[in-house]
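Only heavy atoms go into these numbers, but all of them, side chains included; no hydrogens, no water, no symmetry mates.
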Amino acid sequence: MWLQTLRLTAAAPRYWFLPGGFVAVHTTSYRNGDRWRWSIGGRQKWSMLTIGAGFSTALGLGLYVYKLRHPPPQTASTGADKAEAKDGGAVKGNSHCKDLPSFTCKEIAQHCTFEQRIWVTYKGCVYDITDFVDLHPGGDKILMAAGGPLEPFWEMYAVHSNPEVLCILKKYHIGYLDVDEAAMSSGVSSDPYACDPPRHPVLIVNSSKPFNAETPAEILTASYFTPNAFFYKRNHLPVPDIDPEAYRLEVRGEGIPTPVFLSLEELKKKFPKQEVVATLQCAGNRRKEMTHVRPVKGLNWNIGALGNARWGGVWLRDVLLYAGFQEDDTQVKHVQFEGRDQDVTGSAYGSSIPLHKAVAEKNDVLLAYEMNGDELPRDHGFPIRVVVPGVVGARSVKWLHRIVLSREESRSHWQRNDYKGFSPSVDWTNVDFSKAPAIQELPVQSAITEPAEGAQVLADDGDLVVRGYAWSGGGREVVRVDVSLDGGCTWNVAQLEPPYVSEDDRNAQQTEEGRAWAWKLWTLQAPLPAEGGKLEIVCKAVDSSYNVQPESFEPIWNLRGVLSNAWHHVHITVLPPERTPHQPRYSRRVRGRSTENISQDIDTETSCAIDCISVLVRPLCGHERRCTCGSVIVSSCCSNQVFRCSNLCPQNTK
């Protein structure tokens, strides 16, 4: 205790009163012969307190003067030490390089070209990434950070924040940011995703920043129209918050005499409202299955990265003609779309479609402001988005800001260096994105949504119901879906639901050949094997051009995992009927139909009437049945009891 008091005293003058009280207490206590008892009252107490206070004050002053005259030695700290302490992980593993030089921001900024080498900083460290640029999966977008910090870009593209990326970055570590400048740049920047809209928790999230999530399979085909809240979300950048009153759509480019600006209200008033029922599908839908062949780059989508909706808005064709475009103009080849979602450099998401796709009346390209009868949600492009039916979802640009008529396709990264298919022989060491066309129309697709992978059903359930979706790009109608229960050895033809036609017949034209923009939901009902066993359910769709899905993913594998449309497989287990030695034997029952061949050893006094048994339910023990009255009929796993009703069944009169 004395040592602690002296340490406090030496630390700062404000602690000098502590030893005074401490000495006084101890001195007084010892004089009374009891270490922990105070002497109450009398001159003795005050005299000892005075002595203790004077002694401790002198001691404190002496120690304080000693510290002033003999300061502790200063330990030199390098930029690496401070950077590592500040980051707690960014330079972990580089402790053997602490003798690397430090650089100022001015010096780093000079290294922004290949001639000068490409330098970047990250959490106090400096990296020379010149040799990595060609290997970067995002192409030359990494050059936007040349000569500066990576943090703003990695906040935008949060996929970089994982140990694998940091491990790659460490290979290019060349030094440290100057200590003083590192301290100035250590402030936490604002989160660009802080204003993203709320999302429904049922969605299966593949990435949170940017937000990408798919619809669970069990609810995907529960409705012909996918509810807005459950519709898959595909974002490349933060969701912009746009004021509809201030919104203006710009239309310009070749063939447009002067740029035209249209407000949301003008779009609604100047042009008649149109509707189109169309399915949108992400290029990476079912990518997860392709990764079983070889790893690919991209979000791990399952079968839920698509949805079907009734879109309301105005025809793109009408807007282009209003802006002055002439259909006989032979110079224009592409219509480019630019969104309002931007990265920290101001680069916006962009894409384009061929001119003939944009202006042909039968192609039904829409500038949508409604989705399923409601205002377009923020996650889906409020206030205006493009809907290009029959084409990959990447071309249906959200938060539409600008339309440009041009002789060339969009120069956006997502048009030129992404969403392209390649041979299985092409990998990231030899890929050349300029050699492949951008994906437009998607191939024929189908998937099973019910039952789920790994499900268990009972043979006594009778018929197995298989459900799913099918769709093909380019307006090609799905004409058949084949379903197999034995891995493709034998096939059954599923029943297709009819296409949607609105009450006022506005969408009747969409049933015409070449305008089948919406998916087909399908159902197959087939008997279950009475003996049980494993089933491998497979589906494949055929469109009106007799395009059919390939059997496996090996021949269509590509490094981005797009165009993933091989046969879809689901494996389930059919559990055979389980009987105890004294359990009555009866034929398989299908939901309320009569039961035959009932043995005579039924204990009618304790068992429920056989006609009361309707649906077989699978509990943990495997021995549970349910009556039509709602009672649970239970058989012990350990005894020879017959199935008994858990309470008095109204159909059992004994």
Side-chain angles (χ1 to χ4, degrees), residues 202 204 214-222 286 288-289 292 300 302-304 446-469 481-492 494-495 521-540 566-581 583-593 595 608 610 612-628 630-639 641-646:
V202 76
I204 301 171
E214 62 183 290
T215 313
E218 57 267 28
I219 63 174
L220 185 59
T221 54
R286 298 183 60 201
K288 182 177 182 180
E289 298 166 72
H292 298 161
N300 204 30
N302 199 356
I303 65 171
S446 72
I448 300 163
T449 59
E450 184 184 334
E453 174 68 24
Q456 292 185 346
V457 297
L458 292 169
D460 282 5
D461 281 349
D463 288 349
L464 174 68
V465 178
V466 185
R467 292 186 174 87
Y469 65 79
V481 174
D482 299 325
V483 181
S484 172
L485 302 184
D486 53 13
C489 295
T490 60
W491 296 90
N492 304 278
Q495 180 179 354
L521 303 184
W522 54 264
T523 305
L524 177 78
Q525 188 168 346
L528 286 166
E531 68 279 5
K534 303 285 187 180
L535 293 185
E536 182 180 359
I537 310 174
V538 184
C539 74
K540 60 183 176 71
W567 295 0
H568 188 222
H569 296 250
V570 167
H571 302 82
I572 68 170
T573 301
V574 180
L575 302 172
E578 296 178 324
R579 302 182 180 91
T580 58
Q583 180 183 341
R585 302 182 62 83
Y586 51 90
S587 64
R588 179 165 54 88
R589 182 176 183 80
V590 181
R591 293 188 176 88
R593 285 183 243 167
T595 305
C608 191
I610 293 300
C612 190
I613 301 174
S614 60
V615 181
L616 186 61
V617 183
R618 181 74 180 173
L620 292 178
C621 67
H623 296 147
E624 177 176 310
R625 296 179 185 271
R626 197 173 290 273
C627 299
T628 54
S631 303
V632 177
I633 308 171
V634 182
S635 173
S636 170
C637 295
C638 309
S639 66
Q641 295 176 337
V642 297
F643 286 101
R644 300 173 185 271
C645 195
S646 62

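The main-chain N or O of His568 is never found under 3.5 Å from a side-chain atom of Glu289 such that the two would form a donor-acceptor pair. Judged by distance alone, the side chain of Trp491 and the main-chain N or O of Val483 form no donor-acceptor pair under 3.5 Å.
A search for side-chain contact (heavy atoms from CB on, under 4.5 Å) contacts involving Ala455 returns Pro451, Ile572, not counting sequence neighbours. Considering only residues two or more places apart in sequence or on other chains, Glu536 meets the side-chain contact (heavy atoms from CB on, under 4.5 Å) condition with Val538, His569, His571. Remark: Thr573 engages Lys534 in a side chain to side chain donor-acceptor pair (under 3.5 Å) (not counting sequence neighbours). Residues satisfying the side chain to side chain donor-acceptor pair (under 3.5 Å) criterion with Asp482, sequence neighbours excluded, are Arg480, Lys540. The side-chain contact (heavy atoms from CB on, under 4.5 Å) check on Ile219 picks up Val202, Thr215, Pro216, Phe230, with sequence neighbours excluded. With sequence neighbours left out, the side chain to side chain donor-acceptor pair (under 3.5 Å) criterion links Asp486 to Ser484, Thr490.
The OG1 atom of Thr523 sits 6.5 Å away from the CD atom of Gln495 when rounded to the nearest 0.5 Å. A distance of 11.0 Å separates OG1 of Thr221 from CD1 of Ile448, quoted to the nearest 0.5 Å. One distance of note links CG of Leu535 with CG of Leu485; it measures 6.0 Å at 0.5 Å rounding. Distance check, rounded to the nearest 0.5 Å: SG of Cys539 to CH2 of Trp567 gives 10.5 Å.
Looking only at side-chain heavy atoms (C-beta outward), Leu524 and Val481 stay at 4.5 Å or farther from each other. Val570 has its side chain out of reach of Val466: every pair of non-hydrogen atoms, C-beta onward, lies at least 4.5 Å apart.
The two residues Ser446 and Arg286 come nearest to each other via the heavy atoms O-NH1, 3.4 Å. Nearest heavy-atom pair, Ile303 versus Glu214, reported as atom, atom and distance to 0.1 Å: N-OE1, 3.5 Å. Between Ala459 and Ala530 the shortest heavy-atom distance is CB-O, 3.6 Å.
Sorted by first then second residue, the salt bridge (Lys or Arg N to Asp or Glu O under 4.0 Å) pairs that include residues 447-457, not counting sequence neighbours, are Glu450-Arg467.
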